[in-house]
Engineer: 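Take a look at the following structure, please.
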Amino acid sequence: MSKPSIPQGTRDFSPAEVRRRQFIFNTLRSIFELYGFQPLETPSMENLVTLTGKYGEEGDRLIFKILNNGLHEKKDAEREKLNGEWNNILSRSYSSPVVTERALRYDLTIPFARYVVMHQNDIALPFRRYQMQPVWRADRPQKGRYREFWQCDADVVGSTSLINEAELLCIYQQAFQKLNVPVTIKINSRKLLAALSELCGMSEKMMDITIAMDKLDKIGWVGVANELKERGISEDGIWQIERVINVTGTNEEKLVAFSDIMQHSPSGMEGINELSKTLAFYNELDPTASFKTTGQDTNIQIDISLARGLNYYTGVIVEVVCSHPDVKMGSIGGGGRYDDLTGLFGLKGVSGVGVSFGIDRICDVMEELKAFPEQLAEGTKAMLVNFGGENETYALQILQQLRTANIPAEIYPDASKFDKQMKYANRRGIAYVLLPGDEERQKNMVSVKNFVTGEQKMMSIAETIVLLSH
RNA sequence: GAGGUUGUAGCUCAGUUGGUUAGAGCAUCAGAUUGUGGUUCUGAGGGUCGCGGGUUCGACCCCCGUCAUCCUCCCCA
């Protein structure tokens, strides 16, 4: 009598929830297609070696590994070896191809890079693809964090043009506009972060600096300064960082201030130039232009404290957060430029840039904001009541005609009590109930009851089809 | 890896300082009503109170352990 359950961090989706999620998928798909991206799907599992080492130390630990099967066929000697390896795995963070050589995908970017390398002769560069599939992480679940969740990614590989960055910003902008979610799009460059760590005289501490700075929103400058200290950043370094963080104003003003501070850093100037060009391209393409009165008020903001976790980014990085004051949710999307992603798999010199939508969080946010359109509940339009006997046969004939006319319809499969059938139709929210009884059958008609208004009228099948067709 | 929350019927939850046979709403089934639902009334079934141990004359309640859950930190979408 044990109650059934599902694994931690996973969810069932009810019919209504699936419809809401599909609304998001459909919206994104249409935008991706509009911008010329092509669909791609990759397997749920990858070879473990494809994934390890790509997401940093923390990321590696969160990869779901798949136990090898077919082990019972092993010879005794191999089984003994297996036992040894198994104990190793249990005792520490260790993996062995004897025990596990596959893993569930952790994101869509690395499998995409793997795909590009494997199919480099088949694809025309630059290659633009979108991908909407679930990913898995062995994280501790909590609000807005799941072990199985969906990502929708759009990436371009084989082009270093910043037009790509600008287009991806447009995609973010247009998507969240269509989804009715107010957002702030933060933008930064890893090159600025690299320059900043040079400025501090500690290039090797770039990761420490960026991780600490990324918490600015949460713990404030004092908290960040403390963390920087703990991470071994010098007083002078902290002062340099404070100087940069204190820069405010419009994007243009920030870029001017940064170029003043970083004028002697080639990498810093490069980052500034990238951001400036990206924003210039964006202004030409801006899908929200017609909604704006001036160019001043933009939700795309340069944010020097933006870091992004994945360590393969090298250039422009972006992150999307919901800007509604009542919504407390981490980032709902992110992405950036990775100069040498495919290099990890042996294909040098192919630069890529991409963005990702975190569907599950977007769905949670839209739920909270009641941002879904009302009319998503379209399902069965008409239900035929089952009166049994000859009337049942008659009902099936009507049902077939309705479906031929492309009207979503169903019959109550059992000749149950009338009120039970009516209650069922009511609970399902079906718009029309059709009553094919003795009288109707003899006249070759059917009584049509509108379940919203309660009105009922007997009419021919042809008239019924006309009524239900819109 | 660290800290906290919760666990009682299929679901959502009450349950007094620790006291006899653990309750409600919804859902299910049956009936008032074999052609009229969303909104009526009546009745029925359904619980090893997460699991294990302890304290006690007596435990859903107190203590210890354990498992599950959700949340916070870390990290991330």
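The analysis underlying the following values was restricted to heavy atoms, covering all of them including side chains, and did not include hydrogens, waters or symmetry mates.
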Engineer: Using the salt bridge (Lys or Arg N to Asp or Glu O under 4.0 Å) rule, collect all pairs that involve residues 441-453 of chain A, keeping only residues at least two apart or in two chains.
Structural biologist: A/Glu390-A/Arg441, A/Asp438-A/Arg441, A/Glu439-A/Lys443

Engineer: Take atom CD1 of A/Ile6 and atom C1' of B/U69, then tell me their distance rounded to the nearest Å.
Structural biologist: 12 Å

Engineer: Please give, in whole Å, the distance from B/C76 P to A/Arg145 CZ?
Structural biologist: 9 Å

Engineer: What distance, rounded to whole Å, do you find between the two P atoms, one in B/A68 and one in B/C60?
Structural biologist: 24 Å

Engineer: Which side-chain N or O atoms in residues 178-187 of chain A pair as donor and acceptor under 3.5 Å with protein atoms at least two apart or in another chain?
Structural biologist:
from	atom 1	to	atom 2	distance (Å)
A/Lys186	NZ	A/Asp217	OD2	2.9

Engineer: Using heavy atoms and a sub-4.0 Å distance, could you list which residues of residues 354-368 of chain A are near RNA chain B? By number, please.
Structural biologist: A/Arg361

Engineer: How many Å lie between CD1 on A/Ile317 and P on B/C76, as a whole number?
Structural biologist: 11 Å

Engineer: Please, which pairs that meet ring pair (Phe, Tyr, Trp, His ring centres under 6.0 Å) have at least one residue in residues 325-345 of chain A, sequence neighbours excluded?
Structural biologist: A/Tyr312-A/Tyr338

Engineer: Rounded to whole Å, how long is the line connecting atom CZ of A/Arg105 with atom P of B/A77?
Structural biologist: 16 Å

Engineer: Given the C1' atoms of B/C57 and B/G3, what is the spacing between them in whole Å?
Structural biologist: 40 Å

Engineer: So if I take every side-chain heavy atom of A/Ile211 and compare against B/A77, B/C75, B/U72, which nucleotide ends up nearest?
Structural biologist: B/C75

Engineer: Take atom CD of A/Glu230 and atom P of B/C73, then tell me their distance rounded to the nearest Å.
Structural biologist: 17 Å

Engineer: Ring centres of A/Tyr432 and A/Phe451 under 6.0 Å apart?
Structural biologist: no

Engineer: A/Asp214 has an atom CG; how far is it from atom P of B/A77, in whole Å?
Structural biologist: 10 Å

Engineer: Distance between the P atoms of B/U48 and B/G10, in whole angstroms?
Structural biologist: 8 Å

Engineer: For RNA chain B, write out the stems as range with range, using runs of 3 or more consecutive Watson-Crick or G-U pairs with both distances under 3.5 Å.
Structural biologist: B:1-4 with B:70-73, B:10-13 with B:23-26, B:28-32 with B:40-44, B:50-54 with B:62-66

Engineer: Suppose we screen for ring pair (Phe, Tyr, Trp, His ring centres under 6.0 Å). Which residues come up paired with A/Tyr412, at least two apart in sequence or across chains?
Structural biologist: A/Tyr424

Engineer: I'd like the C1' distance from B/G65 over to B/U55, given in whole Å.
Structural biologist: 15 Å

Engineer: Of A/Ser331 and A/Gly9, whose closest RNA chain B nucleotide lies nearer the 5' terminus?
Structural biologist: A/Gly9

Engineer: Is there a donor-acceptor contact under 3.5 Å linking the side chains of A/Glu167 and A/Tyr282?
Structural biologist: no

Engineer: With the sugar-phosphate defined as primed atoms, P, OP1 and OP2, and the base as all remaining atoms, what B/S/- string results for nucleotides 29-38 of chain B, 5' to 3', for protein heavy atoms under 4.0 Å?
Structural biologist: S-S---BBBB

Engineer: Please identify each residue that fulfils ring pair (Phe, Tyr, Trp, His ring centres under 6.0 Å) with A/Phe387, with sequence neighbours left out.
Structural biologist: A/Phe418

Engineer: May I ask you to check whether A/Phe32 and A/Tyr130 place their ring centers less than 6.0 Å from one another?
Structural biologist: yes

Engineer: Considering residues at least two apart in sequence or located in another chain, which fulfil the ring pair (Phe, Tyr, Trp, His ring centres under 6.0 Å) criterion with A/Trp150?
Structural biologist: A/Phe25

Engineer: Report the residues that fulfil ring pair (Phe, Tyr, Trp, His ring centres under 6.0 Å) with A/Tyr115, sequence neighbours left out, ordered by chain and then residue number.
Structural biologist: A/His119

Engineer: Mind checking A/Gln142 for me? I need base, sugar-phosphate or nothing, with any heavy atom below 4.0 Å counting as a touch.
Structural biologist: base

Engineer: How far, in whole Å, is B/C26 from B/A22 if one measures between their P atoms?
Structural biologist: 23 Å

Engineer: Between the protein and nucleotides 3-5 of chain B, which nitrogen or oxygen pairs are less than 3.5 angstrom apart?
Structural biologist:
from	atom 1	to	atom 2	distance (Å)
B/G3	O6	A/Arg140	NH2	3.3

Engineer: For the C1' atoms, the ones on B/G7 and on B/G50, what distance do you get once it is rounded to whole angstrom?
Structural biologist: 6 Å

Engineer: Could you give the distance separating B/G18 and B/G58 at their C1' atoms, to the nearest angstrom?
Structural biologist: 8 Å

Engineer: Report the residue (A/Gly334 or A/Gln8) whose heavy-atom-nearest nucleotide on RNA chain B is the more 5′ of the two.
Structural biologist: A/Gln8

Engineer: Give me the distance, rounded to whole Å, that separates B/U42 from B/A24 when you measure between the P atoms they each carry.
Structural biologist: 13 Å

Engineer: Scan side-chain atoms only and decide if A/Gln8 and A/Arg147 contain a donor-acceptor pair under the 3.5 Å cut-off.
Structural biologist: yes

Engineer: Determine, for A/Phe64 and A/Arg137, whether the Lys NZ or Arg CZ falls below 6.0 Å from the six-membered ring centre while staying within 45 degrees of the axis.
Structural biologist: no

Engineer: Report yes or no: is the cationic atom of A/Arg11 (NZ for Lys, CZ for Arg) closer than 6.0 Å to the six-membered ring centre of A/Tyr146, at no more than 45° off its axis?
Structural biologist: yes

Engineer: My understanding is that only residues two or more places apart in sequence, or in another chain, count here; which of them pass salt bridge (charged side-chain N to carboxylate O under 4.0 Å, His left out) with A/Arg361?
Structural biologist: none

Engineer: State whether a side-chain donor-acceptor pair under 3.5 Å links A/Thr10 with A/Glu148.
Structural biologist: no

Engineer: Under 4.0 angstrom, heavy atoms only, what part of the nucleic acid is A/Gly59 near: base, sugar-phosphate, or nothing?
Structural biologist: nothing

Engineer: Output the rounded distance in Å from NZ (A/Lys328) to P (B/C71).
Structural biologist: 14 Å

Engineer: Rounded to the Å, how far apart are A/Met329 CE and B/U72 C1'?
Structural biologist: 15 Å

